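A short write-up of the structure that comes next.
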Protein chains: 2
Amino acid sequence: MQLLDLVGRRWTLRILWELRDASLSFRALRERCDDLSPSVLNARLAELRDAGLVELGDEGYALSAEGRALGQHLLPLDAWARRWAARRR
Amino acid sequence: MQLLDLVGRRWTLRILWELRDASLSFRALRERCDDLSPSVLNARLAELRDAGLVELGDEGYALSAEGRALGQHLLPLDAWARRWAARRR
DNA sequence: GGTTGCGCTACGAAAACAGTAGCGATAGGA
DNA sequence: TCCTATCGCTACTGTTTTCGTAGCGCAACC
């Protein structure tokens, strides 16, 4: 799947995840992502904006309609991940 | 989510994806993944085995029961990804 | 004994990422 | 008007990760 080319890179999924239920400014987003380098954050945001999944509005960065749709499909994955994480400690 | 630490790295999702419906030998898996370096493949496989998602059997590498469960949750994501990829060309 | 395929390692070169400082723009208050 | 604060973002150096390639040790087969 071509989604892997986009999402199979460091920070990409994390950024989508952090934006899942709120708009965040560049700096706030950076803090949420363990203070990753602004250069990398900017590169990922450019890719995600280019892919039409994220957009920059008045209230900062937010998921687009498509980004939210993708986020919805991530939720069951998260539910599974939580059970998996709990199981393997 | 902690799954991101594992899956949010290059090749990890791709490897799971290639194993989704068949066992593959180390070398066959390597070919499917655009001939990625064996060192990286080995590192990812070690992580995935450590996470209990992949195991090495007589027929090569294959998803474990948990790995298959995760794969199931990837299918709707793939369906969405296909539509998304078609939409944005 | 030679060939074939297996999982895997070693190592130098290239690319990605981290860490930190700071720019230009905008807005608000003294 | 100047100071301060915050915004998105760039620049630059050093470390870490990944790539690319060669090849090892092992087993099976002829």
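Predicted model, so just to flag it, every value in this text is computed and none were measured. To find a chain, count down the sequence lines: A is the first, B the second, and so on, and within it residues start at 1.
Contact detail for L36(B) and R30(B): the closest heavy-atom pair is O-NE, 2.7 Å.
Between L70(B) and W80(A) the shortest side-chain heavy-atom distance falls below 4.5 Å. D34(A) is listed as a side-chain neighbour of W11(A), based on a closest heavy-atom distance under 4.5 Å.
A straight line from CG of L41(A) to P of dT10(D) spans 11 Å, rounded to a whole angstrom. Rounded to an integer number of Å, the gap from L24(B) CG to dG5(C) P is 17 Å. Remark: P of dA18(C) and CZ of R9(A) are 13 Å apart, rounded to the nearest angstrom. Atom C1' of nucleotide dG7(C) and atom CZ of R44(B) are separated by 18 Å, given to the nearest angstrom. Rounded to an integer number of Å, the gap from F26(A) CZ to dC23(C) P is 17 Å. Rounded to whole Å, atom P of dC19(D) lies 11 Å from atom CZ of R14(B). The CZ-P distance, from R10(B) to dT16(D), rounds to 20 Å in whole Å. We find that CD of E31(A) is positioned 16 Å from C1' of dG19(C), with the value rounded to whole Å.
For dC19(D), one of the phosphate oxygens OP1 or OP2 lies less than 4.0 angstrom from a side-chain nitrogen or oxygen of W11(B). Look at N42(A) and you won't find any side-chain N or O under 4.0 angstrom from OP1 or OP2 of dG8(D).
At a threshold of 4.0 Å, the pair R14(A)-E18(A) counts as salt-bridged, since one of the basic side-chain nitrogens sits closer than that to a carboxylate oxygen.
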Collect all protein-nucleotide pairs involving nucleotides 20-27 of chain D in which both atoms are nitrogen or oxygen and the distance is under 3.5 Å.
unit_1: dG20(D); atom_1: N7; unit_2: S37(B); atom_2: OG; d: 3.2

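Side-chain N or O atoms of R10(A) include none that pairs as donor or acceptor with a backbone N or O of R9(B) at under 3.5 Å. Between the side chain of R82(B) and the backbone N or O of A79(B) there is no donor-acceptor pair closer than 3.5 Å. A donor-acceptor pair under 3.5 Å is formed between the side chain of S64(B) and the backbone N or O of G52(B). Between the side chain of S37(B) and the main chain of S39(B), no donor-acceptor pair closer than 3.5 Å is present. Remark: side-chain polar atoms of R68(A) are paired, donor with acceptor, to backbone N or O of L63(A) under 3.5 angstrom.
Of the residues in residues 45-52 of chain B, those with a non-hydrogen atom less than 4.0 angstrom from any atom of DNA chain C are R49(B).
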